[in-house]
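Data first, discussion second: the structure below is written as structure tokens.
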Amino acid sequence: MVWIEELKEHVGKEVTLKGWVYNKRDSGKVRFVLLRDGTGILQCVFVDTEIDKETYGLADSLNQEAVVEVSGLVREDTRAPGGVELTARSLKLIADSADYPITPKEHGIDFLLSRRHLWLRSSRQHALLRCRDTMIRTFHEFFGDRGFILVDPPMITPTSCEGATTLFEIKYFDDVAYLSQSGQLYMEPAAAAFGKVYCLAPSFRAEKSKTRRHLTEFWHLEPEVAFLDLEGDMELAEDMLLFVVKRLLERRPDELKLLGKKVEGSEEHLKLLEGLDKPFYRLSYTDAVKMLNDNGIKMQWGEKFGADEEAVISREFDRPVFVHRYPKASAPFYMKEDHADPDVVLNFDLLASEGYGEIIGGSQREDDLEKLKAAIQRQKLPREPLEWYLDLRRYGTFEHSGFGIGMERTLAWITGVHHIRETIPYPRLIDRIYP
RNA sequence: UCCUCGGUAGCUCAGCGGUAGAGCGGGUGGCUGUUAACCACUAGGUCGGGGGUUCGAAUCCCUCCCGGGGAGCCA
């Protein structure tokens, strides 16, 4: 048995393949069956005068997504999609498939999401999930090459790490527990143990967000590095993204092109990615507010950026932009305050270009025990469940920084797809956990 | 939670007070190289549920359910 992706090595030879019927076309006494085996699509040609009646009749009656075994001669042919086709000699029906719902025609998003398990078979989803595979492997390679240790965080946690945001509550024997929103608090101790660490795990957010940038379950990559300051943290994020973007352009050009089909501005988007280089732009929160005010948007220092504000900022630049040093008042307790300006913290958001919004959020962590205690008190968080976290500041505290990056948002930005629900095999959305 | 758009054939949609429509998909037939093939014929409907207005409601009003897009929040 041969896979379709290997066929170029079998030109001129007889082979046997198994696969699903992707589509069927006919013309007079010729039947064209498009066979899909997961590694590619192959056109199988059945000619009435060259094979027996039974085989031809079977080819003529095949249903979409029926499983078949085909044998025949592999030939190069420019008329075939992919350049290689099969002159079929024999055909066996292994399993039939009646009334396959996803026909080669347009469908609505509700219909497709309800049939996600079948939708995965279509070419666009193939391209996207192949890019996802390459992207995730590349992230691992990037950190592996730099000596980072992969440390897996727990997904069942006793408390929230950032307090306010909504958590999924679960029953834990006779107690309550929560699904993790972030592995960060667990990466900081790991950084004290191994120096350079990262994790890649799902994070869960019970926010009732209904936008193209939100999932209730997403894959969260979080590096944490000892003896690294905010500037170093941004440089790490920059190097990482460049490495991953370059790799995708290199290894998945066909998939990126397919995904750009029928998408307005996709050529410009790919050119932008090809030209992507260091350094990304850096803009302090304070300067960003000034910039927005100069653009006629009224806002006070201290207010948060909304989607509109972020879009205005990212549209000003042709590369991703780091916005750093946000007001301390609305920052999570673990972010380190800036010695130069105690009203701000040493953190950053990375806004992707073209309105994709925030894909990375990071910070230098507060390493002063007293300041951290004060921040916990100020935000009215319970101290007792965080004692273990405070131990890091008691037993050899150290300067350290890290960030979190969402795999789905990053993939959406690189591939140019509009909604992140297509960038994960089985998206979990508000009011949608099937299939 | 709020704002907004929508629910009509298996799918995508048109119809928006007066006999339920198209394209695709299904079925049948035709065509010796098709590229979401094409051509002809054909079957297929409780117009999301309930209530109301009207001589008459898919169409107007109320209500509920379901879905899309967005806001807040975030990766």
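Every chain is numbered from 1 and lettered A, B, ... according to where its sequence line falls, protein lines coming before strand lines.
Judged by atom type and distance alone, A:Ser209 reaches the base of B:G72 through a side-chain donor-acceptor pair under 3.5 Å. Residue-to-nucleotide contacts include no donor-acceptor pair under 3.5 Å from the side chain of A:Gln64 to the base of B:G26. For A:Arg409 against B:C74, a side-chain N or O and a base N or O form a donor-acceptor pair under 3.5 Å.
Put simply, A:Phe32 does not rest on the base of B:G33: the two rings are not both less than 5.5 Å apart at their centres and under 30° in tilt.
Considering only side-chain N and O atoms, A:Arg432 lies under 4.0 angstrom from the phosphate OP1 or OP2 of B:G68. Taking only side-chain nitrogens and oxygens, A:Arg213 never comes nearer than 4.0 Å to OP1 or OP2 of B:G72. For A:Lys208 and B:U1, the shortest distance from a side-chain N or O to OP1 or OP2 is below 4.0 Å. Listed pair A:Lys29 / B:C31 meets the phosphate criterion, a side-chain N or O lying under 4.0 Å from OP1 or OP2.
The aromatic rings of A:Tyr198 and A:Phe148 sit perpendicular to each other, their planes meeting at more than 60°, with 30° as the lower class boundary. Ring orientation note: the planes of A:Phe243 and A:Phe142 are tilted relative to one another, at an angle of 30° to 60°.
Using Watson-Crick or G-U wobble geometry with both donor-acceptor distances under 3.5 Å, B:G56 finds no partner in any strand shown. For B:C38, the paired base is B:G30 (Watson-Crick or G-U wobble, both distances below 3.5 Å). Under the Watson-Crick or G-U wobble criterion, with both distances below 3.5 Å, B:C24 is paired with B:G10.
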Show me the protein contacts with nucleotides 12-16 of chain B, counting only N or O atoms at under 3.5 Å.
{"residue": "B:U12", "atom": "OP1", "partner": "A:Gly108", "partner atom": "N", "Å": "2.9"}

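Between A:Glu238 and A:Arg282 there is a salt bridge, with a side-chain nitrogen of the basic residue lying less than 4.0 Å from a carboxylate oxygen of the acidic one.
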